[in-house]
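Counting from 1, the numbers follow the sequence of the chain as shown. Just follow the structure's listing: the first ligand is 1, and inside any ligand the first atom is 1.
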Amino acid sequence: MLRVMNVVGARPNFMKIAPLYAEYGKRGDIEAILVHTGQHYDRMMSQVFFNELGLPKPDVYLGVGSGSHAAQTAEIMKGVEPVLLERQPDVMVVVGDVNSTIACGLVAVKLGIRLAHIEAGLRSGDRTMPEEINRILTDAISDLLFCTEQSGVDNLVREGVPAEKIHLVGHVMIDTLLANLSKAESSKILMNLREQGHLNGGDYAVLTLHRPSNVDSLAVLERLLDGLDVIQQDMPIVFPVHPRTRKNLDDSILSPRLKSMTNLVLTEPLAYLDFLHVMAKARLVLTDSGGIQEETTVLQIPCLTLRENTERPVTIEKGSNELVGTDPARIAEAYGRIKKGCWKTAQIPPLWDGRAAERIVDILVKSL
Ligand code: UD1
C-alpha cells in the first residue's frame, strides 16, 4: 500500500488535486491523505470547490489563514510537521507555486519524505513574483518533477535536475476542465446576470485580476482601468473580484471611477462550474492568472494577459494567449484585432488530453 499525502491550500490547487483523487480511487493500492493548509478560507475561495469537484473532506485542516509571506509560510510549516511525523507518508504531493507548496515541501524533505511536484519547471524569469521563488525552491528539493509543457522540462534540465526525475505528463488542471465542460453547460450564471440586466445576450468579456504587481499599486490599477474603459464602452466585462483586489479597490480613490464604469460587472469570486461556463462563452478573457491562460487555450478563447511575462509560454506559442502588459494603448489595440476576428487559432498543447493524473499516478506507483 502506497501512502500519499496531498496538499491543497489556495484556490488554484483544488482543481489540480481533484483528478488525482479520482485516479487514486480507481486503484486498490493507494492510501491518500488530504491536507488543507487553510491559506484560502472564504467559502467561495475554498469550500465550494470541494463540493463541485467531488474532493473528500480534508483529513487534516491546518487553518493558517492570511498573513505576511513569512508568517503564512512559517505557520504552514509548523502546522504540517506534526502531521507528517504522525502519518509517515511514502510521498508528499504538492501542486503549483503558492506558499502552501513550498512550505509543505520543505518540511517533508527535511523529514526524509519524498516530494513530488506537479506543474514543475515553469519559469517567468521574474523573481519579484512570489510564485517564481516558490517554483524555483520547490523544484530544487523535489524527487519527482511532473511538467505540463516542454519549457518546464527544458528549464529543469538547464538548472541541472537529473533527467530521470523529470516527467512530461500533461496538465491535471486540464483534466478537470475536460471532465467538467459539459456539466458547466447547465450553470445558471449567465441567465442570472442577464436577469439582473448586466448582459444583453451579445458578446461579453471576462476579467480576473489578483497579482500583487497589478492590484497592490494604484498607478498600475489606474492604467488598467483606462484600458478596460475602452472595452466596457463596447461590450460588458464580467469581473469576479478576488478578495485581495476587492480590498485594494474598495479602500482606494479609484472606487468612484470603478462605479462609473457601468458595463464593468463586478461579482463575488465564482464557483468552478460557473466560472468555466462564463469563460467558455466569452468573446475574450483578460487576466493576470497563470491557469486561465492555459484554460483559454484549451477553450480556444482569445486571452489578453495583463502581464509582461508568462511562465507558460506554450499558451503563446501554440495557444490563444498574448501578453499585453498594463498599457491601455496595447490593451485597446489587441482588443481591436479580436473584434475584427484577427486572432490566431489555438492548438492544444501535447498531452493536454485529460489523462495527466493517470500518468502521474502510474509513475508514482512505479517509482516508489
Ligand atoms: C495566492 C497565491 C497565488 C495564487 C492566488 C490565487 C501565494 C504566494 N500566492 O495569492 O499564487 O495565484 O492565491 O487566488 O501563495 N483573502 C480572503 N479570503 C481568502 C483568501 C484570501 O479574504 O479566502 C484575502 C486576505 O486578505 C489575504 C489576501 O486575500 O491577505 C491575499 O491572500 P493570499 O493567500 O495571501 O494570496 P493571494 O493573493 O490569494
Heavy atom under 4.0 Å from ligand 1: found in Glu131's side chain, backbone, both, or neither?
side chain
If you measure from each heavy atom of Arg246 to ligand 1, is any distance below 4.0 Å?
no
With a 6.0 Å cut-off on the ring centroids, do Phe49 and His40 count as close?
no
Would you say Asp42 and ligand 1 have an N/O pair spaced under 3.5 Å apart?
yes
So, Asn155 side chain and Leu122 main chain: donor-acceptor pair closer than 3.5 Å or not?
no
Ion pair present between Arg330 and Glu308, side-chain N to carboxylate O less than 4.0 angstrom?
yes
Is the shortest N/O to N/O distance between Tyr41 and ligand 1 below 3.5 Å?
yes
Just heavy atoms, cut-off under 4.0 Å: does His40 contact ligand 1 by side chain, backbone, both, or neither?
both
Heavy-atom nearest neighbour in the protein, as seen from atom 22 (O) of ligand 1, with distance rounded to 0.1 Å
Pro243 CB, 3.3 Å
Among Ser66, Ala103, Gly67, which one puts a heavy atom closest to atom 30 (O) of ligand 1?
Ser66
Ligand 1 N/O within reach of Arg11 N/O, cut-off under 3.5 Å
no
In the single-linkage hydrophobic clustering (I, L, V, M, F, W, Y; side-chain heavy atoms under 4.5 Å), do Val157 and Phe146 co-cluster?
no
Give the single entry among Ile292, Ile76, Asn99, Asp288 that approaches atom 8 (C) of ligand 1 most closely by any heavy atom.
Asn99
Which of the atoms of ligand 1 are close to His210, meaning less than 4.0 Å from one of its heavy atoms?
4 (C), 5 (C), 6 (C), 12 (O)
Tyr272 vs His277, ring-ring contact (aromatic ring centres under 6.0 Å, His included): CA-CA, chis, key distance, verdict:
CA-CA 9 Å; Tyr272 183 74; His277 189 57; over 10 Å; no
Residue and atom name of the nearest protein heavy atom (relative to atom 2 (C) of ligand 1), distance in Å to one decimal
Val98 CG1, 3.6 Å
Among Lys247, Gln72, Arg135, whose heavy atom sits nearest atom 35 (O) of ligand 1?
Gln72
Ligand 1 contact on Pro12 by region, counting heavy-atom pairs under 4.0 Å
side chain
Ranked by distance from atom 38 (O) of ligand 1, the top protein heavy atom is Arg244 NH1, 3.0 Å
Heavy-atom contacts with His69 under 4.0 Å: which atoms of ligand 1 show up? List them by number with element.
8 (C)
Can you tell me if Asn13 uses its side chain to pair, donor with acceptor, with the backbone of Ala10 under 3.5 Å?
yes
Under the side-chain contact (heavy atoms from CB on, under 4.5 Å) criterion, do Lys339 and Met235 qualify, and how do the steps go?
CA-CA 11 Å; Lys339 279 283 283 186; Met235 67 171 73; 3.9 Å; yes
If I take atom CG from residue Asp97 and atom CD1 from residue Ile136, how far apart are they, to the nearest 0.5 angstrom?
11.0 Å
Is the distance from the ring center of Tyr204 to that of His198 below 6.0 Å?
no
Lys/Arg N to Asp/Glu carboxylate O, Asp353 vs Arg359, below 4.0 Å:
yes
If you scan protein heavy atoms around atom 7 (C) of ligand 1, the nearest is Gln39 NE2, 3.6 Å
